[in-house]
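Lettering follows sequence order; numbering is per chain, from 1. These numbers come from a predicted model, not from an experiment.
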There are 2 protein chains.
Amino acid sequence: MDALNSEARKENENYLTLQELLHVKSDLDESCILHQSLSLIADKWTLLVLMALMQGTKRNSELQRQIKGISPKMLTQTLKTLISYGMVDRKAYPEVPPRVEYCLTEFGISTADPLTALLNWSVAWEEQLVKLYKEKVAR
Amino acid sequence: MDALNSEARKENENYLTLQELLHVKSDLDESCILHQSLSLIADKWTLLVLMALMQGTKRNSELQRQIKGISPKMLTQTLKTLISYGMVDRKAYPEVPPRVEYCLTEFGISTADPLTALLNWSVAWEEQLVKLYKEKVAR
DNA sequence: CCGAATCCAGAACGATACTG
DNA sequence: CAGTATCGTTCTGGATTCGG
């Protein structure tokens, strides 16, 4: 268990560990880059919309169908936020009935990297996590 | 740019990509393991408390000083949640005045792995992210 | 020193109905 | 089909006060 220093992956010269970050700046607050980036994508639907678009360009109604339980309002709102972030592109075709397509930008695609790491951690601790989540929503 | 399939890291047999996850289950909702694990740690202070404890065992008052802007209530509450998750251990010494120490469990330490990935993504896109965060809090 | 209890403001989210 | 507007609820987090 060498998670803290992640030596295994440090072949890459530019790889930065949490310890190194804390060494540079041990005061912790909202200016922490980790806190900032997490707060941008950590709401109820953003993650799911990003994942759906990882499969490729989709229309509004396709997203609506694929993402169970999302309301039209929240879908639109989440997409608008992601567009303002520069993570999603919107293309509207001047047709009747209207057709609108959404796809990820390069920046949007880049989120796959940290999300994949989170996925593999989640799978490794899945039993624990699922139990905790159930308890959480039970409240 | 091969973020979606992360071939570079697939030397590891067990490595799972987002595409593979979506292939197994293309319906997206709150049962998605990624959504569940993210929702457990994605609140205002959890991340900062975890990071502080990555440096080692600490007392309540040390955490209070190091984490700028956190109120005693939110510190206690966040610690209690992390203890209930099994990510943090609490040791109380029967002294006067009381002394209480907190440290990470193996599960807590394991969060360093996804967090380090998020950190390196954040640093790669730092300029973009900091700008977006500023706009977000301005609202 | 450590933490519990209470009250409250604001944000996030959901349901519904409506427009081009 | 895509998106907007309005309203109401729920949840989060902050301020303050009190107790062991």
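Note on A:Ser61: only backbone sugar-phosphate atoms sit closer than 4.0 angstrom, heavy atoms only; bases stay farther off. Residue B:Tyr102 is in sugar-phosphate contact alone, with no base atom involved, counting any heavy-atom pair closer than 4.0 Å across all strands shown. No engagement by B:Arg139 is indicated, since no non-hydrogen atom pair under 4.0 Å with the nucleic acid exists.
Atom CD of A:Gln64 is separated from atom P of D:dA2 by 10 Å (rounded to the nearest Å). Separating the CZ atom of B:Arg59 from the C1' atom of C:dG3 is a distance of 14 Å, rounded to the nearest angstrom. Computed from coordinates, the A:Gln77 CD to C:dA12 P distance equals 8 Å when rounded to whole Å. Atom NZ in B:Lys136 sits about 6 Å away from atom P in C:dA12, given to the nearest Å. In this structure, CG of A:Leu75 is placed 14 Å from P of D:dC1, rounded to the nearest angstrom. Summarising the geometry, the separation between NZ on A:Lys58 and P on D:dC1 is reported as 17 Å, rounded to the nearest angstrom. Put simply, NZ on A:Lys73 is 8 Å from C1' on C:dA12, counting in whole angstrom units. Atom-to-atom, CG of B:Asp43 to P of C:dC13 comes out at 13 Å; the value is rounded to the nearest Å.
Of the candidate nucleotides C:dC1, D:dA15, C:dA15, C:dC1 has the atom lying nearest to any side-chain atom of B:Pro97. Side chain of A:Asn60, nearest nucleotide from C:dC7, D:dG3, C:dC1: D:dG3. For B:Pro98, taking side-chain heavy atoms from C-beta onward, the closest of the listed nucleotides C:dC2, D:dC1, D:dG13 is C:dC2. In this structure, of C:dA4, D:dG14, D:dA2, it is D:dG14 that holds the atom nearest to the side chain of B:Met74. Among the nucleotides C:dC2, D:dC1, C:dG14, the one closest to any side-chain atom of B:Val100 is C:dC2. Looking at the side chain of A:Lys80, the nearest of the listed nucleotides C:dC13, D:dT4, D:dG3 is D:dT4. Distances from the side chain of A:Lys44 to the nucleotides C:dC2, C:dC7, C:dC13 place C:dC13 closest.
Judged by distance alone, the side chains of B:Gln66 and B:Lys58 do bring a donor and an acceptor atom under 3.5 Å apart.
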Exercise. Would A:Glu135 and A:Lys131 satisfy salt bridge (charged side-chain N to carboxylate O under 4.0 Å, His left out), going step by step from the backbone distance to the final call?
Worked result: CA-CA 6 Å; A:Glu135 291 172 11; A:Lys131 178 167 148 285; 3.7 Å; yes
For this session: Take A:Arg90 and A:Glu101 through the test salt bridge (charged side-chain N to carboxylate O under 4.0 Å, His left out) and record every step on the way to the result.
Result: CA-CA 6 Å; A:Arg90 177 184 190 274; A:Glu101 291 182 345; over 6 Å; no
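Residue-environment remark: NZ (A:Lys80) stays at or below the threshold of 12 foreign heavy atoms within 6.0 Å. Within 6.0 Å of CD on A:Glu127 lie no more than 12 heavy atoms contributed by other residues, nucleotides or ligands.
When the nearest nucleotides of DNA chain D are assigned to A:Thr76 and A:Glu30 by heavy-atom distance, the more 5′-ward of the two goes with A:Thr76.
Rounded to the nearest 0.5 Å, atoms CG (A:Leu104) and OG1 (A:Thr111) are 6.5 Å apart.
Between A:Arg90 and D:dG3 there is a side-chain N or O to OP1 or OP2 distance below 4.0 Å. A close approach under 4.0 Å does not occur between any side-chain nitrogen or oxygen of B:Arg99 and OP1 or OP2 of C:dG3.
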